[in-house]
Protein chains: 2
Amino acid sequence: MTRKEQVRKKAIHLMKFHGFSGLTMRLLAKELGIEAASIYNHIKSKDELLETVCFEMAKEFEIAVLEVNDIYFNATEKLRMLITEHVRILCSDLDASTVFMHEWRYLPEGSRVQFVEKRRNYEQEIKQIIQLGIDEGDFDDIDTKYAVITILSSLNAIVEWYNPNGPLKPTEVADRLYNFIVKALMKSTQFSANYEL
Amino acid sequence: MTRKEQVRKKAIHLMKFHGFSGLTMRLLAKELGIEAASIYNHIKSKDELLETVCFEMAKEFEIAVLEVNDIYFNATEKLRMLITEHVRILCSDLDASTVFMHEWRYLPEGSRVQFVEKRRNYEQEIKQIIQLGIDEGDFDDIDTKYAVITILSSLNAIVEWYNPNGPLKPTEVADRLYNFIVKALMKSTQFSANYEL
DNA sequence: CCTACCGATCGGTAGG
DNA sequence: CCTACCGATCGGTAGG
């Protein structure tokens with residue numbers, strides 16, 4: 001790990017607890033065992049630290065969705081792999097994932113616009129997978145917008161509760177979430193309104 | 001609205017955009033048309049602003065769960081009302097709800113511990129409703145922990161996307177989310193694994 | 001609600 | 001990676 005990577009990793013770890021605004025270069029320096037001014041030999045600015053983590057994470061999700069669409073043609077299989085990949089990415093670096101989820105709001109104007117656009121594209125890709133499932137007759141004819149919101153929010157919540165030292169591996173978490181989600185999506189005729197009063 | 005309430009409301013609105021750490025008393029003062037020092041005639045400290053919004057919101061959820069358990073005895077009806085109430089509370093003040101969701105981490109040590117405990121209690125109440133549904137034979141024998149996480153994260157995501165000027169009223173949003181969630185929970189035998197490869 | 005001000009700290013630069 | 005330092009700003013207080 002280069003010195004620059006060490007600085008970034010420590011910064012992200014501290015950002016997770018203090019937030020972007022709450023992280024000071026002096027605290028970061030102290031944790032690295034150097035003076036605040038020395039940080040600027042490795043990074044350009046505090047903003048750059050945030051931009052790097054946000055766009056590196058976004059890149060991983062972009063690649064995942066490309067791979068999924070490359071490998072599978074069936075909606076349920078696409079969805080299963082995308083959920084598995086999404087969970088894997090989040091769990092592979094929980095510090096970075098948490099900062100990615102919470103702190104993108106504090107990106108400088110220009111890169112924030114870019115970031116939101118990338119996220120929108122990702123959401124659209126998922127929406128298309130769900131629409132495919134509906135068209136193929138596998139999924140219920142539900143509102144795809146709400147389905148995407150519900151799916152992504154439950155997946156992304158992983159950063160709030162997942163414990164890497166707990167009993168469940170990321171793939172096992174992905175399986176449980178997939179089962180819950182796909183059941184809500186799947187076609188069924190007898191689910192109309194027969195839950196007794 | 002008292003002057004103190006005006007100060008709080010403006011502070012919460014600004015906190016939504018800048019975060020707790022990013023909100024400065026000088027910006028708040030400017031938006032109120034007064035000097036920074038004058039704010040302290042209405043509030044005790046910046047921390048107090050955050051504590052007030054977090055605990056007022058928490059109180060609303062506490063009341064809701066008490067009412068739900070008071071009125072209904074059936075798990076599906078309890079769940080339906082609780083989801084409706086949860087969505088109603090979030091949508092009734094989106095600024096406060098957003099700050100409640102994002103900024104509780106920055107509560108001072110003591111009140112943060114209290115806050116997390118209250119949230120845990122709320123989660124436990126929902127868990128018990130789901131367990132009741134399983135015991136009554138309405139819900140699938142799923143992992144209640146994951147069900148609670150999935151339900152709450154999809155409900156709470158409302159603060160990220162709900163537009164009060166959009167076409168959907170809070171009750172309509174609640175209905176859509178309830179339908180999605182309850183279908184994932186409901187008992188079914190033919191959903192084992194028959195989604196074709 | 002104001003003026004005047006406190007000590008502390010901020011992100012960052014110059015020059016070595 | 002350091003010393004030395006910049007101008008700006010921070011949350012908050014005293015005293016009116």
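Proteins get letters first, then strands, A, B, ... in listed order; numbering begins at 1 in each. Atom set for the values below is all heavy atoms of this structure, side chains included, hydrogens, waters and symmetry mates excluded.
Aromatic ring orientation, B:Phe100 versus B:Phe115: perpendicular (interplanar angle above 60°, classes split at 30° and 60°).
Ion pair B:Glu160/A:Arg105 flagged as a salt bridge, since at least one NZ, NE, NH1 or NH2 atom sits closer than 4.0 Å to an Asp/Glu carboxylate oxygen. Checked for salt-bridge contact, B:Arg80 and B:Glu77 meet the test: a charged N lies under 4.0 Å from a carboxylate O. Using a cutoff of 4.0 Å between basic side-chain nitrogens and carboxylate oxygens, B:Glu5 and B:Arg8 are not scored as salt-bridged.
Rounded to an integer number of Å, the gap from B:Glu35 CD to D:dG11 P is 15 Å. Per the geometry, NZ belonging to A:Lys4 stands 16 Å off C1' belonging to D:dC1, to the nearest Å. The nearest whole Å value for the distance from the CD1 atom in A:Ile39 to the P atom in D:dC1 is 10 Å. Rounded to whole Å, the distance from CG on A:Leu49 to C1' on C:dG11 is 12 Å. At whole-Å resolution of the value, NE2 in B:His42 and C1' in C:dC1 are 8 Å apart. Note: OH (B:Tyr40) to P (D:dA14) measures 13 Å, nearest angstrom. In this structure, CG of B:Leu50 is placed 15 Å from C1' of D:dG11, rounded to the nearest angstrom. When the C1' atom of D:dT13 is taken as reference, atom CG of B:Asn41 falls 11 Å away, rounded to whole Å.
In this structure, B:Ala36 reaches neither bases nor backbone, as no heavy-atom distance under 4.0 Å exists between it and the strands shown.
With B:Lys118 as the fixed residue, the salt bridge (charged side-chain N to carboxylate O under 4.0 Å, His left out) test singles out one of B:Glu62, B:Glu123, B:Glu125: B:Glu62.
In this model, no donor atom of one side chain and acceptor atom of the other lie less than 3.5 Å apart for A:Ser45 and A:Asp47.
Inter-residue side-chain proximity for B:Cys91 and B:Val173 is flagged as unmet; no heavy-atom pair is nearer than 4.5 Å. Counting only heavy atoms from C-beta outward, the side chains of B:Tyr122 and B:His86 approach each other to under 4.5 Å.
Under the 4.5 Å side-chain heavy-atom criterion for ILVMFWY residues, no single connected hydrophobic cluster contains both A:Leu66 and A:Phe55.
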Pair assignment for DNA chain D - dot-bracket with | for other-strand partners, Watson-Crick or G-U under 3.5 Å: ||||||||||||||||

Every protein N/O within reach of nucleotides 5-10 of chain C N/O, cut-off under 3.5 Å:
from   : atom 1 : to      : atom 2 : distance (Å)
C:dC10 : OP1    : A:Thr24 : OG1    : 3.1

